[in-house]
Amino acid sequence: MQNSSILQKTKTDDGFKLSVIIPCYNEEEALPLTLEKLKKLSNEWSTGDDCKSIEFILVDDGSQDRTLALLTEATIADQQFKVVRFSRNFGHQAALLAGYELAQGDVIVSLDADLQDPPELIETMLEKVKEGYDVIYAARKSRGIDSLFKRKTADFFYWLMKKLGVEIINNHADFRMFTRRVLNAFLNFNENNLFIRATFPIVGFPSCVVYYDRPERLAGETKYPLRKMFEFAIDGLTSFSVIPLRICSGVGLLVSLLALLMLFWSIVVKIIGGAIPGWTSTVAPLYLLGGVQLLFLGIVGEYIGKIYTEVKKRPRYIIQEKINFRENNESK
Ligand code: UDP
Ligand code: MG
């Protein structure tokens with residue numbers, strides 16, 4: 001009876017179609033196992049009569065290794081596998097977006113190519129959709145496998161994001177499932193600075209979180225080294241919160257008030273006649289103010305940079321090739 005909720009939302013009466021989106025960047029080591037596992041599991045998902053078909057959209061984000069060859073092989077063996085090849089590396093978020101834009105499904109799920117997002121969880125997520133939820137966020141139970149540094153910086157990041165007014169699900173990356181109506185709403189966000197995990201909570205609709213244990217990467221190396229992680233975190237912050245700008249104005253105001261008090265004090269000392277020009281009181285505020293000004297210029301610059309990339313409205317990714325797409329959105 002509950003199954004009808006997806007069907008009602010998607011206006012189909014003979015079962016729903018599931019789209020599985022997987023961004024891949026230099027994943028030759030992990031892909032063979034991942035593809036095999038997905039194929040095996042997909043038979044289980046489609047045995048029920050509500051899931052009528054499945055498509056796998058594998059986005060090759062300009063890999064330099066054998067990723068494309070492996071993906072192409074999979075498309076020849078099985079029409080369920082569809083491949084999009086970018087003209088160069090556009091990044092994980094752009095790859096996800098391309099998958100979302102090309103998805104034909106009534107229910108869509110995205111996950112990593114390295115089996116760190118266990119595909120077994122998809123069944124549980126589908127159950128949640130059947131219960132009536134439109135967005136299911138998969139979040140890690142714990143960060144046990146991460147280094148102490150990564151754990152602490154991640155905790156700090158989620159804490160800061162929340163403090164700055166950004167709605168974000170703790171320890172949820174990009175493993176999520178959602179219905180067609182959520183996707184349609186999401187696709188109206190035309191931002192160039194992509195930080196998809198913070199966009200979905202803005203879209204709304206009934207949502208829930210399911211928790212899972214995140215295993216180690218199956219093979220290969222993380223495509224998010226420390227530098228990229230920090231860049232991503234700063235991007236997320238400045239794309240979703242203007243509070244840092246307000247902090248700049250607030251501190252600016254405070255410092256100006258203090259400066260006024262200093263001025264007042266120095267005039268009083270001058271009048272009383274005890275003015276001994278002090279080196280410390282000249283140099284210390286100079287350094288302090290110089291530092292604060294530079295820092296704040298930097299923060300303001302971050303936002304100007306964002307506006308700059310937004311107004312240019314460059315394409316968020318460029319597709320070089322598509323394989324096995326036969327639907328009417330082929331020209332996209
Ligand atoms: N990825 C991508 N483009 C990039 C970097 C990563 O498509 O520029 C893909 C990658 O192949 C993987 C997913 O995004 O499927 C997440 O990357 P990774 O597993 O390296 O990140 P981590 O799990 O270490 O945070
Ligand atoms: Mg991973």
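What you see below is based on every heavy atom in this structure, not just the backbone, and it leaves out hydrogens, waters and symmetry mates. Both counts, for ligands and for their atoms, begin at 1 and track the order of listing. We're numbering straight along the sequence, starting at 1.
Side chain of E28 to backbone of T67: no donor-acceptor contact under 3.5 angstrom is found.
With 3.5 Å as the limit, one finds no donor-acceptor pair spanning the side chains of S207 and Y137. At a cut-off of 3.5 Å, with distance as the only test, a side-chain donor of N170 or K162 sits close to an acceptor on the other residue.
For R88 and F86, the positive end is not near the middle of the six-membered ring at less than 6.0 Å and at most 45° from its axis. Taking the ring centre of F205 as origin, the terminal cationic atom of R181 falls outside the region bounded by 6.0 Å and 45° from the ring axis.
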Please tabulate, one line per pair, the protein N or O atoms found under 3.5 Å from any N or O atom of ligand 1, giving the distance to one decimal.
from	atom 1	to	atom 2	distance (Å)
ligand 1	3 (N)	D61	OD2	2.6
ligand 1	3 (N)	H92	N	3.3
ligand 1	8 (O)	D61	OD2	3.3
ligand 1	8 (O)	N89	ND2	3.2
ligand 1	11 (O)	Y25	N	2.9
ligand 1	11 (O)	E27	OE2	2.6
ligand 1	15 (O)	P23	O	2.7
ligand 1	15 (O)	A113	N	2.9
ligand 1	19 (O)	D112	OD2	3.3
ligand 1	19 (O)	D114	OD2	2.8
ligand 1	19 (O)	R217	NH2	3.0
ligand 1	20 (O)	R217	NH2	3.0
ligand 1	20 (O)	K223	N	2.5
ligand 1	23 (O)	D112	OD2	3.4
ligand 1	23 (O)	Q116	OE1	2.8
ligand 1	23 (O)	R214	NH2	2.8
ligand 1	24 (O)	T222	OG1	2.5

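Its N, O or S atom nearest to the Mg ion (ligand 2) is what matters here, and for D112 that atom is OD2.
Ring geometry for F232 against Y224 counts as tilted: the plane angle lies between 30° and 60°, on a 0 to 90° scale.
The Mg ion (ligand 2) has an N, O or S atom of D114 closer than 2.8 Å. One of the N, O or S atoms belonging to Q116 lies under 2.8 Å away from the Mg ion (ligand 2).
Under the 4.5 Å side-chain contact rule for hydrophobic residues, L102 and Y25 do not share a cluster.
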